[in-house]
Chemist: 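My questions will all concern the structure given below.
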Amino acid sequence: MTIPNPTLRQRQLAMRLRELRNEKNLSIAEVAQLLLCSPAKISRIETAQRGVSLRDVRDLCRLYDVSPAESAQLMTLAKDARQKEWWQFYDNRELRQMLGLEAEASAITEYEITTVPGLLQTEDYARAVIRGWLPRIAPDVLDDRVRVRMKRQEWLHRPDTLRYWVLLDESVLYRHVGSRQTMREQLDRLIELSELPHVTIQVIPFTAGAHVGFDSTFRLMEFDHDSGIADTIFVEHQMGLFYLEADKVVRRFREIIDHLRAEALGIQESKRRITEMAANFA
């Protein structure tokens, strides 16, 4: 039996509640006034930034004149959203949403210019990256974050995983993260994982020069159409985590991905380049 993904269910519920409000031509402020709550609460519910109680769902369904059948479906979504998956126990609240979406994604395309993506990292490399990112991190917190990163990698070995496409700037292969042994093992891991039928790794060479991906790294998470969830761009930055879903924005990032793929080395040539760099760390 498939276990409902609480993050996905919460986003499905949020999306439908927003659609129902718009169908009634009600503003967030008007709904809040009718339900005797703050507009911020309705906004957070509709953007899946907070959980929604069964009472809230019931009251919103009554306000929107939702049929008994759909009300029951929305109540079920709300109940499923309250279930706990492994990432729900993770203490980094900012990352919980991304972990839940990642677990449900049918495809991920990732672009990196500084380090190997977390889904491909070895334990030693991950530890060095996190310590470099947060030099004052407590040892127990570091251990927990490394454990979570390793747990995430189970996604790569799911039988229903469709596609993981990685675009790596060549600088990632040169940047010393951890010891030479750490780098050798990490590059060997890239070669190993590139053999998986659903994993594609391409290297964007230095000779590509200036290109459209200079400004930041990102990942495109795609979902099955029947999930009801929009494809999402995820950007991680020192200032926070950003989720971009607007059609215009996602289309723009798809164009960037197309450009980056065109600039990148072919799959076999990329593998040779990674193999050459791995030999330098022997």
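In what follows, every heavy atom counts, from backbone to side chain, and hydrogens, waters and symmetry copies are set aside.
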Chemist: Do Arg62 and Ser71 have side-chain N/O donor and acceptor atoms under 3.5 Å apart?
Modeler: no
Chemist: Can a donor-acceptor pair be found, under 3.5 Å and without considering hydrogens, that links the side chain of Gln153 to the backbone of Gly118?
Modeler: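 Side chain of Gln153 to backbone of Gly118, a donor-acceptor pair under 3.5 Å: yes, one is there.
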Chemist: Should the pair Arg261 and Trp165 be classed as cation-pi, given the thresholds of under 6.0 Å to the six-membered ring centre and 45° from the axis?
Modeler: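 Yes; both conditions hold, so Arg261 lies above the ring face of Trp165.
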Chemist: Please walk me through it: do Ser171 and Asp169 pass side chain to side chain donor-acceptor pair (under 3.5 Å)?
Modeler: CA-CA 5 Å; Ser171 61; Asp169 188 89; 2.7 Å; yes
Chemist: Atom CD in Glu110, atom CG in Leu119: separation rounded to 0.5 Å?
Modeler: 6.0 Å
Chemist: Closest approach of Glu245 and Thr232, non-hydrogen atoms and distance?
Modeler: CG-OG1, 3.7 Å
Chemist: Supply the atom-to-atom distance Asp231 CG to Leu244 CG, rounded to the nearest 0.5 angstrom.
Modeler: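 Here the interatomic distance stands at 12.5 Å.
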Chemist: Among Glu112, Glu236, Glu102, which residue satisfies the salt bridge (charged side-chain N to carboxylate O under 4.0 Å, His left out) criterion with Arg219?
Modeler: Glu102
Chemist: Do the side chains of Asp144 and Arg147 get close enough for a salt bridge, i.e. N-O under 4.0 angstrom?
Modeler: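 A salt bridge links Asp144 with Arg147.
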Chemist: Ring-plane angle category for Phe253 and Phe218, please: parallel below 30°, perpendicular beyond 60°, tilted otherwise.
Modeler: perpendicular
Chemist: Glu30: which residues meet the salt bridge (charged side-chain N to carboxylate O under 4.0 Å, His left out) condition with it, sequence neighbours left out?
Modeler: none
Chemist: How are the rings of Tyr174 and Phe206 set to each other: parallel, tilted or perpendicular (split at 30° and 60°)?
Modeler: tilted
